Structures are given as structure tokens and as C-alpha cells.
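First the structure, in the form of C-alpha cells, and then the observations on it.
Residue numbers start at 1 and run along the sequence shown. Here the structure is a predicted model, which means the values were calculated and not measured. Order of listing sets the numbers, starting from 1, for every ligand and every atom in it.
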Amino acid sequence: MIRCIQKFSELIRSAGGLQQAQQQSQTLSGKQQAHRPAHALLCPGGCSSGDPLYELDSLAERHPSDALFIAAALVATAVAEGRPASWLEAWADDSFVCSSGGSRWADGGEGEGEGSEDEEPDCAAEEGWALLHTGVLSRLPAEARALAAPLLDPGLFARLLAAVERRVLPLQAAAAGGEVHEATAQLDALLALEAADSEDGLPPHAGADAPAAAVTARRLVCLLSQQTLRVSHSCLPRSQLQLEPHADAPPAMPRARLVPLRPLAAAEEPPSLAWVPTANASLEERAAALRARFGASFACACERCSYEARGGSVGAPLVALARDAMEDGRLAAATAMLRARVSACRTDGDAWMLLGTALLGSERWTAAHEAWRAGAELAPHHALLGRQCRKDRSYRADGVAAAAGGAEGAAPCEVHALAGGGPACKVVVSRSPLFSAVECERAVAAAEAHAAKSGGWTTSRHRAVPTTDVPVHEVPELLRWFNHAMAGRIAPLLAAQFRVAAADIRVHDAFLVRYSASGGQAHLPLHTDESVLSLTVVLNDEFEGGGTFFADLRRSLSPPVGHLVAFHGRALHGGEPIVSGVRYIVAAFLYVAVEEPAAAPPLPELFAGCKRARRDRGDDAMPAGGGGGEAETFCFGF
Ligand SMILES: O=C(O)CCC(=O)C(=O)O
Ligand SMILES: [Fe+2]
């Protein structure tokens, strides 16, 4: 049996997004990469009977409540994180709200309610401490043992157990019984205690700049049912633990649960979690971590280990392995697995779709679109592939590829060089309008009419940094206008400015964006686009503020109606907040078709030096309204 205490840092990371998740009522996803030192100290997985941690596990299991388990987790956390004994003392000794009865663990007078004196003395506290003490010390390096000793004190452990029974078990019961208000109120009190700790100069719980939500996670760890944690290890885990808002209306107690990371690789696949860091860890690194965790004879037999050990194997769940690799950012490995999959099973639409996505993530735009096209032909009933290909066709039909002329006659531009150095590392702004006011008005009217009859503007087509928009290819009038403009006016301008062949420019996505100062979206946070080149076309001027903000330039560019701003997709930029009115633009993400020799990245020399930017959105380069958090990559939807 493998039972694991907790993936603390995963919970903390999940909880970091908790408020966001509550707002967006969506669960967090994606495999978390985490170091789990507390778990490593306590996990009985791989141990056999006689090992103190195995015995502690059995003792905790025999006990009717989770108290022993939780108290041991707290001690292991304190040891693993180098906390002072006062951190555990604060847990054990505070006069924290105690709404339930007394404790069976309390030693002489520590238990609060009636009953504690009368109950049978329970030797599990002593026995539990002895097992914890021996087991944890045996896993610590010699030099860490002296530091851990004060945390492994028997009296402190007994008081901790008492406190867990007093405080945590009622919380658990309240949460389980649906008394979410009661549980939330008590949790708040715990958080107040935590805040007092920090004011006293105790180390903050999850690093100096951890968000407050991380603290919540620490406490919530204690609310988890042991049952949730009885899951075996796999380097290709089926699930992960996540904190989620309670389904009931807020204020409600968030809860942790196992969430699937992917579809089953095989019908009989058992549930699994990764108990060692697996993202970007080699077979050897994982094996070493697993041996350290589960004992010298532990050998992982998961699908990923088997596949990697044999250098690829027939019958491996390639799509599941590829998804996992993509989550870790191992895109070349994912691409190879998916290529193997689609040559073995040419009609696997999911594999073709993912292959395109992996190629896109590697900025192999041409190959990505080609994979989607080939997939749609071979798996004609695959809905996503079908949509993608219809979209690609709509921008090609009478569009960019038809641009006969080269750069000759292209409209002149004002050029702003960006840091990075390559010839494409710049922003260009047309010196004269490319579009008449009438054309722009018509485009806006077409988008508004489409939104009115099709249920409104879309707000979630783009994953990381969504705009409020209407996809150009879904509005025939807009599409005709846009394709015509691309071929005749935009592509020649881009060809002249960015030294690419006009006929090679392809549209990856195009959309008409609406910003509103009075409700709706008023700005777009800093981000990079999923494109080789991007452009915006200004469609109106009935607003104040606004413009396309460029971090490198530290300013917004906001030319008059009909003008175009174009830049390479790696430039960090955003939509400057508007302060009044409504702002409309067309935005387009473009790539350049290349004859791609199998593995070469496209246009290496053109973009040399233009690293894809990753900076905080809260950077002072961003004017008010930028918000906090990470700069994101703008990914398209349909
Ligand atoms: O609002 C703007 O000017 C920028 C829009 C943008 O960056 C985008 O849609 O990706
Ligand atoms: Fe953008």
C-alpha cells in the first residue's frame, strides 16, 4: 500500500489560483511541478512491515480519526521546511476557537472540553510519536537531525494531537457535513493566527512573497481526507490533487480532490499521482528520486518509464505520453511520439490535432497547419480538425496567397526599433491610412451586427489573455474585406518592412476587438502573441486612452483611424486601457509559410535575438490597469 501525506507545494500552487478559480468558476489544470519534501519525510510507500513509517501509517489507519495522520503531517512539514518549534507550538498551544468537545490526546489539562480526563488514556500518541521520531530521523541527513530534534518532542506532539482534534477535526466534520459557514469561519480564525505568526517575525509559510492564498492551502491540507491520498505513484500520473472552490455558493469551504489530468490510457488503468517531480526529470533522475522515496529496490513500472527505458515501445500509450510531455514543455519529444502515433494509426484525429499543437508550441507554424490539414483529410469526422481547416481555408480562398505583387508600392511606415536586434524586431506604423473611414465603419457595423445576432461578443477564444472579439472568418462581409486588404495592402507593407515574401504570409487568426470603458473589457494585459507577425488596424476614434502599448518602447502607439500597427509576435505588448468610449480594432496573428526541412525552426535568422518575452504584467512599464501576474502568451481559439 502506498499512502502519501500530501503534495504541499501543489496545493499551495493550486491555492494561489484559488481566488481566480472562484472568480472564473473554472478548475485549475495542468501538471504542477513541485518539490515535496514533507511528503518525502513521511511517505510509507515502498516500505514494508517493521519500518517505523509503515507502522505509523498502519497505526494512523487503525485510529478512528485523521488526527494522528494530520499531526504527523504538520511535524513533517515543520521539519522539511526548517520551521522553528514555535511554529508547531502556535498550532498546539494557542487558545484558538474550540467549538467541539474535548480531546482524547490531551495531556493533563491541555484538553479543553469535558470528557478528556475521563477517557481511557490512549497510548497511540506515545506510540505514534516514537514511530514518527525514528522514521523521520532515519530519512534525514545526519546534519539535519539536530535541527529537527526540537520539533520531534513527545510533549509537543501530544499537544499537537490534542489541538488537531480540537480544531481541525471539527472543521473537517463541518466541511463534510455541509456546514460550510462554520468551517469557513473557523478557517478564517486559523488564518488570523497565521497572520499573527508572521507579524511576530516567524518565517512566512511559503516564501517571502507568497500570496495570502498560499497560507490558506497550508491549513486546508489538514482538511483532506486520508482516503483521497491512497493513490500509487506513476511518472505518467492520471490525476493530481487540486483545491477547488466548493460547488455551493460562496462563502464556501474550498476542498481538495483528485482531478484527472487526461483520459485513461487503458480501460483498466488504476488511479495514480506523481509522488516525485516528473516534469523534465530524466528516467535516471526519476528513478533516483523514487528510490530515495520508496526504498532502494523500488523500480517504477509506469508507462513513461517503460517507454523511455526501451527507447520507444510498441503499444505504448503515445497520445497520453505526448500530452504529458507537452505539459512539461518537452515539445520535441511530444512531436516525435505523435508522429509515431499518426503513422501507426493514420485516422487518429486527436493525435493529429495534438501534433499540430505541439508543432505550434515549437513555433513550427507551417508544419502545425499542415498537420491539421493532413489530419482533417484522414479523420474527416474530427470536429476540431474540421473547424481548424475550414478556418485556414477561409483565409486562403481569395486571400493572402493571391497577393501577386511583392513589396512594391507598399505604404511607407514609421519604424520603432525594439530591443533584440534582428531585422524584424520592430514596430511599424503606417504613415498614411490603409483603410478609409467608411471601410472601418462598415467593418465595425458588420461585427456589431454579427455579435447581436449570434449571442454577443466572444470573450474566451484566447486562452491566456482573451479579448472581447468577433472572429473575422465567421462574418462573411468582414472576411471578404479582410482577405482583400491582406492581399492588396497589408501583405505588401509587411513584405517591405519585415523582409518576407508577401505570398508566403498566412493568417493564423484574425478578429475584430471591442474595448469599452463602461462595462466589458477596457484593456488587454501585457502578453506576447501566438504569431510570427501581428498587426492591429485602428477602426474608430470615439474613445480616450487606448492604443497598443509596447513594453520596450514604454509607450502606446495610437495612430488615427485606418492606420495599421505591425510588429513581431514576440514583442511584449498590451492594449492600453481606454478611459471613455468604445475602441474597435482588427487584430491579426500571422505566420510565414516555409519549406520546412523536418526539424528546422522557421526563420531563425530573421528573429535572431528576439526572445519571446516573459515579464510581469505589473511591471511599471505598463500603465495603470496592467494588473499583476505573469505576462502571457496570447493563444488562439476558433
Ligand atoms: O489593443 C491593442 O491594440 C492590442 C491588441 C492585441 O495585442 C491583441 O489582440 O493581441
Ligand atoms: Fe497581442
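Proximity to Phe589 (heavy-atom distance under 4.0 Å) selects the following atoms of ligand 1: 10 (O). Residue Asp529 has at least one heavy-atom neighbour below 4.0 Å for each of these atoms of ligand 1: 10 (O). Using a 4.0 Å cut-off to heavy atoms of Gly575, the atoms of ligand 1 that qualify are 1 (O), 2 (C). Close contacts between ligand 1 and Ile585 involve ligand atoms 1 (O), 2 (C), 3 (O), 5 (C) [criterion: under 4.0 Å to a heavy atom]. Residue Thr548 has at least one heavy-atom neighbour below 4.0 Å for each of these atoms of ligand 1: 2 (C), 3 (O), 4 (C). Of all atoms in ligand 1, listed by their number and element, those nearer than 4.0 Å to a heavy atom of Phe511 are 9 (O). Close approach of ligand 1 to Ala587 is summarised as follows: ligand atoms under 4.0 Å from at least one heavy atom of the residue are 9 (O).
Trp372 and His508 have parallel rings, their planes meeting at less than 30° on a 0 to 90° scale where 60° marks the start of perpendicular. Using bins of under 30°, 30° to 60° and over 60° for the plane-to-plane angle, the ring pair Phe567/Phe550 lands in the perpendicular bin. Classification of the Tyr584-Trp457 ring pair by plane angle, with boundaries at 30° and 60°, yields tilted.
Between Arg583 and ligand 1 there is a heavy-atom distance shorter than 4.0 Å. Ligand 1 lies nowhere less than 4.0 angstrom from a heavy atom belonging to Glu576. Judged by the shortest distance from any of its heavy atoms, Tyr515 lies inside the 4.0 Å radius around the atoms of ligand 1.
Between the side chains of Asp529 and His568, no donor N or O sits under 3.5 Å from an acceptor N or O. There is no side-chain donor-acceptor pair under 3.5 Å between Glu448 and His450.
Remark: ligand 1 and Thr536 share no N or O pair separated by less than 3.5 Å (distance only, no angle test). Checked against a 3.5 angstrom limit, the closest N/O atoms of His573 and ligand 1 fall inside it.
Under the side-chain hydrogen bond (donor to acceptor under 3.5 Å, both in side chains) criterion, Glu477 pairs with no residue at all, not counting sequence neighbours. With sequence neighbours excluded, no residue forms a side-chain hydrogen bond (donor to acceptor under 3.5 Å, both in side chains) with Tyr515.
When distances from the Fe ion (ligand 2) to the N, O or S atoms of Asp529 are compared, OD1 comes out shortest.
Salt-bridge formation is detected for the pair Arg570/Glu363: a Lys NZ or Arg NE/NH1/NH2 atom is positioned less than 4.0 Å from an Asp or Glu carboxylate oxygen.
Annotation for Arg442: atom CZ does not count as buried by contact number, only 12 or fewer foreign heavy atoms lying within 6.0 Å.
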